[in-house]
Amino acid sequence: MRILTSSDTRAVARLLDHQSRRDPAIERRVAAILADVRKGGDRAVVAYAKRFDGLTGPMEIDPDAIAEGAAQVPARVRRALRQAARHIREVAKSQVPASRKVQVAPGVLVEQRVTPLDRVGCYVPGGRYPLPSSLLMTAIPARVAGVPEVVAVCPRPEPVVLAAALEAGVDRLFRLGGAHAIGALAYGTPTIPRVDKIVGPGNAYVAAAKTLVQPDCAIDFQAGPSEIVVVASKGNPAWVAADLIAQAEHDVDARAILLTPSKRFATQVHRAVADQLPAEGPARDALARNGGIVVTRTLKEAIELANAIAPEHLVCDDEAVVEGVTRAGAVFVGPWTAQACGDYATGSNHVLPTGGAARFRGGLGAADFVRVRSVQRLTRRGLQAIGPAVVTLAEAEGLAAHAASVKVRLS
């Protein structure tokens with residue numbers, strides 16, 4: 001992990017570069033898998049699951065097996081899952097858009113009607129670590145939004161994932177992962193129901209598959225390598241170092257960056273990272289490849305750089321930073337707000353935009369699981385009030401039939 005100065009523009013630009021780079025080779029392999037799943041259904045899915053997931057039994061885990069697996073989880077872990085789930089529900093309740101009616105003119109009523117999606121698919125990674133928190137973060141907001149059926153896939157669901165499925169109210173759980181799981185959810189098979197939307201993080205193959213199925217199935221967004229940016233000029237260096245290392249632990253491609261106007265603080269954090277960093281593992285590799293500390297001229301410049309990154313996680317020590325950084329998936333303010341708390345139990349969602357996508361959206365929420373449609377009603381008086389304007393605008397656009405469809409009513 002290097003210390004740079006903002007005047008070293010080339011080095012800083014390389015550190016902050018977050019453009020997603022699509023891998024044509026991966027996309028070709030994924031496209032072939034998706035085509036096979038779409039054509040071959042269960043046969044293709046089972047073949048890929050045996051090859052990539054080590055599937056030996058049935059694809060679906062029956063409810064009794066889920067309950068039996070969940071019972072193996074220590075009581076303290078089940079209590080922690082329950083607490084986290086309760087907080088996620090509370091936050092999600094505030095996110096569901098409300099149905100409402102607006103009278104824009106006498107006799108002109110426009111209604112916003114909100115209805116849940118019919119079926120949602122939650123992808124739960126099964127890589128180096130089991131991730132029950134990802135299942136809670138995806139399934140619970142869907143349930144709060146009123147989605148009647150939630151389907152989950154996980155290539156190797158450990159008992160703790162089964163416990164999370166039980167707590168989140170998942171209807172069906174399949175032992176599947178990778179591109180074939182995404183294809184099965186997007187297109188449906190005789191065994192696996194087709195869903196309206198797929199949510200949840202995954203590896204490069206899962207990300208490519210989500211991209212390719214979008215014409216047929218909605219997705220949340222692309223979840224790339226994890227990111228943390230800390231903007232601070234003071235604080236406990238050991239705590240800041242711990243946050244940087246924690247996020248780097250996810251993956252060798254994770255990014256962890258400190259932006260500070262204080263050279264002294266930069267040096268302190270750099271030393272603290274060296275003291276805490278494990279001798280080996282993904283955190284060490286990630287910080288060596290994608291970690292860095294940038295000493296800026298001012299706090300304002302640090303804020304500008306943070307907005308340029310648009311990070312997944314922003315940690316800061318100052319309300320001025322909260323107001324100034326408008327592009328971040330989730331913000332953690334003050335010394336006690338450890339970023340890892342947001343990963344598990346604050347109730348805020350940890351499925352967040354990466355790779356600069358926080359420029360245009362925030363994290364996953366209950367609003368992602370509903371349809372918002374307009375219902376419009378005009379009385380005769382209402383048509384008389386707005387009809388002439390409609391005719392004028394239609395004729396201005398050269399759409400005579402549009403104008404005529406209103407004129408015939410006015411006459």
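Start at 1 with the first residue, then count along the sequence.
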*Which value, rounded to the nearest 0.5 Å, describes the distance between Met1 atom CE and Leu15 atom CG?*
8.5 Å
*Over all atoms of both residues, closest heavy-atom pair of His350 and Ser133*: CE1-OG, 3.2 Å
*asked:* Any heavy-atom pair between the side chains of Ile386 and Leu378 that's under 4.5 Å?
replied: yes
*Please indicate whether Arg29 has more than 12 foreign heavy atoms, meaning atoms of other residues, nucleotides or ligands, lying under 6.0 Å from its CZ.*
yes
*For His402, does the NE2 atom sit with more than 12 other heavy atoms under 6.0 Å from it, leaving out its own atoms?*
no
*asked:* Using modelled atom types and a 3.5 Å cut-off, is there a donor and acceptor pairing between side-chain atoms of Thr337 and backbone atoms of Phe332?
replied: no
_Flag if over 12 foreign heavy atoms under 6.0 Å of OH, Tyr344_ = no
_Taking the basic N atoms (NZ, or NE/NH1/NH2) and the acidic carboxylate oxygens, is any pair closer than 4.0 Å for Arg371 and Asp196?_
yes
*Do NZ/NE/NH1/NH2 and the carboxylate oxygens of Asp368 and Arg361 come within less than 4.0 Å?*
yes
_Ignoring hydrogens, what is the shortest heavy-atom contact between Val372 and Gln112? Give both atom names and the distance._
CG1-CG, 3.4 Å
*asked:* Please report the interatomic distance SG(Cys316) to CG(Leu259), rounded to the nearest 0.5 Å.
replied: 11.5 Å
*Any sub-3.5 Å donor-acceptor pair from Asp275's side-chain atoms to Ala238's backbone N or O?*
no
*asked:* Less than 3.5 Å apart, any donor N or O on the side chain of Thr5 or Ser7 sitting next to an acceptor on the other?
replied: yes
*Does the Tyr123 side chain pair with the main chain of Gly178, one donor and one acceptor, at a distance under 3.5 Å?*
yes
*Flag the pair Arg255 / Ile228 as yes when at least one side-chain heavy-atom distance between them is below 4.5 Å, and no otherwise.*
no
_For Asp171, is there an ion pair with Arg143 - N to carboxylate O distance below 4.0 angstrom?_
yes
_Using 0.5 Å steps for rounding, measure from the CD1 atom of Ile293 to the CD atom of Gln268._
10.5 Å
_Evaluation steps, side chain to side chain contact (heavy atoms under 4.5 Å, CB included), between Leu109 and Val102_ = CA-CA 6 Å; Leu109 186 67; Val102 179; 6.0 Å; no
*Closest non-hydrogen atom pair between Val240 and Leu258, with its separation*: CG1-CD1, 4.5 Å
*Closest heavy-atom contact between Leu135 and Ala152?*
CD1-CB, 3.9 Å
*Is there a side-chain contact between Asp23 and Tyr205, using heavy atoms and a 4.5 Å cut-off?*
no
_Testing the basics here: between Ala358 and Gly329, what is the closest heavy-atom pair and its distance to 0.1 Å?_
CB-N, 3.6 Å
*Backbone N/O of Glu227 and side chain of His313: donor-acceptor pair under 3.5 Å*: yes
*Is Glu111 salt-bridged to Arg377, cutoff N-O under 4.0 Å?*
yes
*Backbone N or O of Leu55 within a donor-acceptor pair of the Asp53 side chain at under 3.5 Å?*
no
*asked:* Could you check whether any side-chain N or O of Lys93 sits under 3.5 Å from a backbone N or O of Ile88, counting only pairs where one atom can act as donor and the other as acceptor?
replied: no
*Would Asp220 and Lys197 satisfy salt bridge (Lys or Arg N to Asp or Glu O under 4.0 Å), going step by step from the backbone distance to the final call?*
CA-CA 7 Å; Asp220 46 2; Lys197 191 169 194 174; over 6 Å; no
*asked:* Less than 4.5 Å apart, side chain to side chain, heavy atoms only: is that true for Leu314 and Val321?
replied: yes
_Counting only heavy atoms not in Arg289 (residues, nucleotides, ligands), do more than 12 fall under 6.0 Å from its CZ?_
yes
*So do Ile61 and Arg175 actually touch side chain to side chain, heavy atoms under 4.5 Å?*
yes
*Working to the nearest 0.5 Å, report the span between CG of Leu16 and OG1 of Thr9.*
11.0 Å
*Can you tell me which residue pairs pass the ring-ring contact (aromatic ring centres under 6.0 Å, His included) test with a partner in residues 210-265, sequence neighbours excluded?*
Trp239-Trp336
*Begin with the C-alpha distance, continue with both residues' side-chain angles, and end with the deciding distance and a verdict on side chain to side chain donor-acceptor pair (under 3.5 Å) for Glu312 and Thr354.*
CA-CA 5 Å; Glu312 179 187 18; Thr354 60; 5.9 Å; no
*Heavy-atom check, side chain of Val124 versus side chain of Val153, under 4.5 Å*: no
*Would a distance-only check, ignoring hydrogens and angles, find a side-chain to backbone donor-acceptor pair under 3.5 Å from Asp317 to Gly334?*
no
*Enumerate the residue pairs fulfilling salt bridge (charged side-chain N to carboxylate O under 4.0 Å, His left out) with a member in residues 36-45, sequence neighbours excluded, ordered by first and then second residue.*
Asp36-Arg43, Arg38-Asp216
*Check step by step if side chain to side chain contact (heavy atoms under 4.5 Å, CB included) holds for Ser374 and Arg113.*
CA-CA 6 Å; Ser374 66; Arg113 188 168 292 188; over 6 Å; no
*Supply the atom-to-atom distance Leu185 CG to Ile219 CD1, rounded to the nearest 0.5 angstrom.*
12.5 Å
_Can you list everything that forms a salt bridge (charged side-chain N to carboxylate O under 4.0 Å, His left out) with Asp285? Sequence neighbours excluded, please._
none
_Given 3.5 Å as the limit, does a donor-acceptor pair link the side chain of Arg359 with the main chain of Gly356, or not?_
yes
*Are any of the side-chain nitrogens in Arg89 or Glu167 under 4.0 Å away from the carboxylate oxygens of its partner?*
yes
*Taking the side chain as C-beta and beyond, is there a heavy-atom pair between Val273 and His270 under 4.5 Å?*
no
*Once you round to the nearest 0.5 Å, how far does CG of Leu277 lie from CZ of Arg284?*
4.5 Å
*Given side chain to side chain contact (heavy atoms under 4.5 Å, CB included), test Gln339 with Gln247 step by step and report yes or no.*
CA-CA 8 Å; Gln339 185 272 313; Gln247 209 55 35; 2.3 Å; yes
*Taking every non-hydrogen atom, the tightest pair across Asn349 and Leu364*: CB-O, 3.1 Å
*Do the side chain of Arg119 and the main chain of Arg194 share a donor and acceptor less than 3.5 angstrom apart?*
yes
*Might you work through the side chain to side chain contact (heavy atoms under 4.5 Å, CB included) test for Phe174 and Thr191, ending with a clear yes or no?*
CA-CA 10 Å; Phe174 294 89; Thr191 301; 4.0 Å; yes
*Does the side chain of Leu117 come within less than 4.5 Å of Val370's, by heavy atoms?*
no
